[in-house]
Number of protein chains: 2
Amino acid sequence: MPLNLEKICVEAGVKLTTPRKVILKILEESQDHPSVEELYKRASDVDSSISMATVYRTVSLLHEMDILIRHDFNESFSRYELNDEHHDHLIDIDSGEIVEFHNEKLEALKEKIAHDMGYDLMDHRLELYAKKRK
Amino acid sequence: MPLNLEKICVEAGVKLTTPRKVILKILEESQDHPSVEELYKRASDVDSSISMATVYRTVSLLHEMDILIRHDFNESFSRYELNDEHHDHLIDIDSGEIVEFHNEKLEALKEKIAHDMGYDLMDHRLELYAKKRK
DNA sequence: TTATGTGCAAACCGTTTGCGAATCA
DNA sequence: TGATTCGCAAACGGTTTGCACATAA
């Protein structure tokens with residue numbers, strides 16, 4: 001079930017402008033973790049009049065709406081991905097490749113740790129930096 | 001056993017200048033996760049001639065020497081802490097307080113996940129963002 | 001003595017913002 | 001039509017860097 005971002009925006013009362021439609025479509029089709037720069041490139045290929053500022057504003061808006069997750073994989077810029085079903089990330093140190101994974105034991109353990117410390121877990125971030133085994 | 005940063009630096013062939021001695025001492029005494037700005041403040045209190053640039057350069061040097069860990073807790077700046085014994089972090093969303101914790105099960109599980117994916121774990125980052133339970 | 005480190009100020013670069021024009025509802 | 005969004009370019013803020021001087025070894 002591919003999620004319909006335009007529908008979500010309309011229901012949230014967000015105005016559907018031309019640049020936004022282009023960016024939403026790109027996000028729906030993206031299987032990776034693009035930076036704003038990369039999103040801007042992809043958007044420009046569709047409509048060259050779209051500005052960097054609009055990409056930044058749209059991405060911020062979607063992040064606030066909880067539609068996008070912002071990542072900082074120890075780089076000088078942010079990457080974004082759709083807030084689809086939850087997963088964590090393994091970053092291949094050598095190739096830069098980002099591999100998604102999900103582990104139920106890990107999820108349960110994170111909850112338990114926070115709980116045992118007297119907290120309710122609201123969000124978390126787990127990244128494994130690794131090298132492919134030879 | 002408090003670690004002797006000056007000794008480590010000498011052994012690594014790093015020249016011990018006045019600014020570096022001041023910054024090393026501050027780091028040894030810090031129990032928190034100071035930003036460069038904060039380190040600069042603390043260093044200025046000892047020797048007001050130390051510049052921001054030197055703090056940045058020293059911190060980068062120590063980070064490359066694997067003496068300091070750089071953190072990015074979803075802020076617009078980096079925080080640093082001594083690379084002492086390993087622990088993860090829980091960030092209190094409401095107060096901003098950073099609580100350290102260590103969980104062996106979690107450590108083992110992270111290793112196992114990377115291994116099962118065909119990787120050797122080199123480094124990782126786990127942050128729990130949570131609210132104090134009422 | 002000399003390679004290295006320092007303070008200063010300017011540059012850098014990803015991101016944000018003020019503004020007047022364009023556009024969705 | 002009127003509130004919102006847009007593109008542009010300038011500003012922002014944390015960090016880096018070129019340079020001439022200072023300093024540890």
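Labels below follow one simple rule: chain letters A, B, ... track the order of the sequence lines, proteins then strands, and each chain is numbered from 1.
If you check residues 43-51 of chain B against DNA chain D, you find no residue with a heavy atom closer than 4.0 Å.
If you take CD on A/Glu37 and OG on A/Ser78, they are separated by 13.0 Å, rounding to the nearest 0.5 Å. Distance check: B/Phe73 CZ to B/Ser35 OG gives 12.0 Å after rounding to the nearest 0.5 Å.
Distance CG (B/Leu61) to P (C/dT6): 9 Å, rounded to an integer number of Å. In this entry the distance linking CG of A/Leu39 with P of C/dT15 reads 11 Å, nearest Å. A straight line from NE2 of A/His71 to P of C/dT15 spans 14 Å, rounded to a whole angstrom. In this entry the distance linking OH of A/Tyr40 with P of C/dT15 reads 15 Å, nearest Å.
Salt bridge annotation for A/Arg133-A/Asp94: absent, with no cationic side-chain nitrogen under 4.0 angstrom from a carboxylate oxygen.
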A correct 5'-to-3' footprint of nucleotides 15-25 of chain D, with B, S and - meaning base, sugar-phosphate only and no protein heavy atom under 4.0 Å, is BBBB-----BS
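Residues forming a side-chain hydrogen bond (donor to acceptor under 3.5 Å, both in side chains) with B/Asp120 (at least two apart in sequence, or on another chain): none. Not counting sequence neighbours, the partners of A/His87 by the ring-ring contact (aromatic ring centres under 6.0 Å, His included) test are A/His89. By the salt bridge (charged side-chain N to carboxylate O under 4.0 Å, His left out) test, B/Lys112 is found to be paired with B/Asp116, residues two or more places apart in sequence or in another chain being considered.
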Show every donor-acceptor pair shorter than 3.5 Å between a side-chain atom in residues 121-128 of chain A and any protein atom, with sequence neighbours excluded, or say none if there are none.
| unit_1 | atom_1 | unit_2 | atom_2 | d |
| --- | --- | --- | --- | --- |
| A/His124 | NE2 | A/His86 | NE2 | 3.2 |
| A/His124 | NE2 | A/Lys110 | NZ | 2.8 |
| A/Arg125 | NH1 | B/Asp72 | O | 2.8 |
| A/Arg125 | NH1 | B/Glu127 | OE1 | 2.7 |
| A/Arg125 | NH1 | B/Glu127 | OE2 | 3.4 |
| A/Arg125 | NH2 | B/Asn74 | OD1 | 3.4 |
| A/Glu127 | OE1 | A/Tyr129 | OH | 2.6 |
| A/Glu127 | OE1 | B/Arg125 | NH1 | 2.7 |
| A/Glu127 | OE2 | B/Arg125 | NH1 | 3.4 |

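Heavy atoms only, all atoms of each residue included: A/Arg79 and A/His33 are closest at NH1-O, 2.9 Å.
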